Amino acid sequence: MQDRRTAVTQPGSRMARRQAAAAPPPPPPDDRPARGHRSGGNGEKAKMRVLAWVSVGLTGVMVAGTLTAYAAFRDSLGNINQKSVKEDIINPRPPATGALNVLLVGSDTRAGAGNAKYGQALARQADAGGKRTDTIILMHISPNRDKAQLISFPRDSLVQVPKCKNETTKQEMPARRDMINSAYNSGGIACTISTIETLTGIRINHFVEVNFSGFKNIVDALGGIEICLKTAVNDKASKLVLPAGRSRLDGEKALGYVRLRHYGDGSDIQRIKRQQIFLSKVVAKATSSELLTDVGRLREFVAAAGKSVTMDPELANDTEELINIAMSAKEMTANGVKFITVPWGPAPDNPNRVVWKEPDATELFKAIRTDTEVATPEPTTASNQPKAAAVKPQQVRVQVLNGTKTFGKAREVADQLAKEGYNVVSLGNYAPPGGASLAKSEIHYTKTDTASAHAVKLGGAVLPKPQAASGKVRATNVQPYTPAAGTTTATAGAAVKGTPVIQLVVGEDFDSVKVTELPDSVKNNSITASEQKNVCT
């Protein structure tokens, strides 16, 4: 009988998928925060916020590697550190959805071998028991596990930190307005999770922490990363000397590169851009066949990653969850990975701090929060009937009816639909039998060749998804809909004459309309990995 520990596993088999679960995703660290509105700064305090984004690429490596070389590095996974924090989260938590959200935290603690040399002042702080995080990133993997968005929270953000337990004393600390990373300083990862959940309404499923030396080891295990510079670098603060043009960076030089400030115009904006490009190259290399087919390098990589991360035991020990993350990384291409910084501006009362730009930041969080449904096959339709996937929002004519006791609910929902491009034609009320509020939202329509596809399209935009039924309900107080001031819509004249009107009856369970069109401030702070392939900075 063949020894199962050394048996060759066929890629794509059930066993291979189970083996893939052994590979959790390690994100690297950060040094100091981005202050995009300022320039210059101390080299020792340079920021490495974007480094945690490497977790997506590292996950892909672990997954694909397990399909052919699981036995070669299985034992290395036992080095992963685990920390349980769920009992320290004392605030109400948002509901879980079909999406997977992992909080990536880069710890700047100087405790431990290899970390103490990065900044003498902070090393003394670490010896006294202190630690900070300048990397707070939310890795959001879509319900279909086919794309990832990595949302970076500026460390200098002034936010409302909720009540938390002190990580050391376990005493409750009151809510306060403070820098976002202060949650980690005093309350650790549990308080950081609570802060992000409270601010965004997004449920954090798992967390991963990584330190400085871990980042270096991971880059070395990948065989280095090639970057391209427009001009030469000789920077004493980051201890980095590089010529103009292309260079391959080992872990030590990579750490200096992402901490580099005295280069170009010296601004944090330019430095963040360099970091994003660096990470996109890590993603490309970590998912390349060159690494996946080299068992020796793959084993070294997994060992380095395993020693460098700390995660919650629910993730480390949950085979199914690890499979979800691992297989999603395998499916994602470079085009499916997007890096986003929360829209921000300088704080009015303190130019050294930032505040999130509203309503843009809320729209971003809503888009992440409402990415909750796994696409399902559409029902078979007649050859002359359009499918919902082919229907555009502006082609769907909607009558919004308020089935609740909340005044103005129909207009609120109509404005959300109009903002996403739906052709709202009228508003009104609906009185359910018995006079009570409608518990769950409903969609009603009269069956025609196009109505069912339009109803499916509308239903997919509303959360939670309304139940659909043929046949209209009786509306009262109907009036034409006029978009709210400042609402940009593309609905005028979009619907073909005679297109059926779909009724959306709003119930008490209504949460929101999915956000598909994000503000320019979000788009301008986003990059896609594939766009950075040959960029020199």
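The basis for the numbers below is simple: all heavy atoms, side chains too, and nothing from hydrogens, waters or symmetry mates. Computed from a predicted model, the values in this text were never measured in an experiment. If you read the sequence from its start, that first residue is 1, and numbering goes on from there.
Judged purely by atom type and a 3.5 angstrom limit, Arg369 uses its side chain to pair as donor or acceptor with the backbone of Thr200. Asp312 places a side-chain N or O within donor-acceptor distance of the main-chain N or O of Phe207, the cut-off being under 3.5 Å. Judged purely by atom type and a 3.5 angstrom limit, Gln416 uses its side chain to pair as donor or acceptor with the backbone of Val513. Using modelled atom types, one side-chain atom of Arg203 and one backbone atom of Pro94 make a donor-acceptor pair closer than 3.5 Å.
At a cut-off of 3.5 Å, with distance as the only test, no side-chain donor of Thr404 or Glu508 sits close to an acceptor on the other residue. For the 3.5 Å distance criterion, the side chains of Asn429 and Thr476 fail to qualify, holding no donor opposite an acceptor. When only modelled atom types and interatomic distance are considered, Tyr481 and Asp415 share a side-chain donor-acceptor pair under 3.5 Å. Between the side chains of Ser182 and Arg176, a donor-acceptor pair is found at a separation under 3.5 Å. In the model, Glu209 has a side-chain atom that pairs as donor or acceptor with a side-chain atom of Tyr184 under 3.5 Å.
With sequence neighbours left out, Lys163 forms a salt bridge (Lys or Arg N to Asp or Glu O under 4.0 Å) with no residue at all. Applying the salt bridge (Lys or Arg N to Asp or Glu O under 4.0 Å) criterion to Glu442, with sequence neighbours excluded, gives no partner residue. Not counting sequence neighbours, Lys405 has no partner by the salt bridge (Lys or Arg N to Asp or Glu O under 4.0 Å) test.
Ion pairing of Glu363 with Lys419 is present here, as a side-chain N (NZ or NE/NH1/NH2) and a carboxylate O approach within less than 4.0 Å. For Glu172 and Lys165, the salt-bridge test fails: no basic side-chain N is under 4.0 Å from an acidic carboxylate O.
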Would Phe365 and Trp356 count as a side-chain contact (heavy atoms from CB on, under 4.5 Å) if you check the C-alpha gap in whole Å, the side-chain angles of each, and the deciding distance to 0.1 Å? CA-CA 12 Å; Phe365 303 147; Trp356 296 346; 3.7 Å; yes
side-chain contact (heavy atoms from CB on, under 4.5 Å) between Met179 and Ser157: does it pass, once the steps are laid out? CA-CA 5 Å; Met179 285 175 58; Ser157 300; over 6 Å; no
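If you run side-chain contact (heavy atoms from CB on, under 4.5 Å) between Tyr430 and each of Val506, Val505, Val400, Asn402, only Val505 comes through.
One finds the CZ atom of Arg411 at 7.0 Å from the CD atom of Gln479 (value rounded to the nearest 0.5 Å). Within the model, atoms CD1 of Ile202 and CD1 of Ile368 stand 6.0 Å from one another, a figure rounded to the nearest 0.5 Å. Residue His140 holds its NE2 atom at 14.5 Å from CG of Leu103, rounded to the nearest 0.5 Å.
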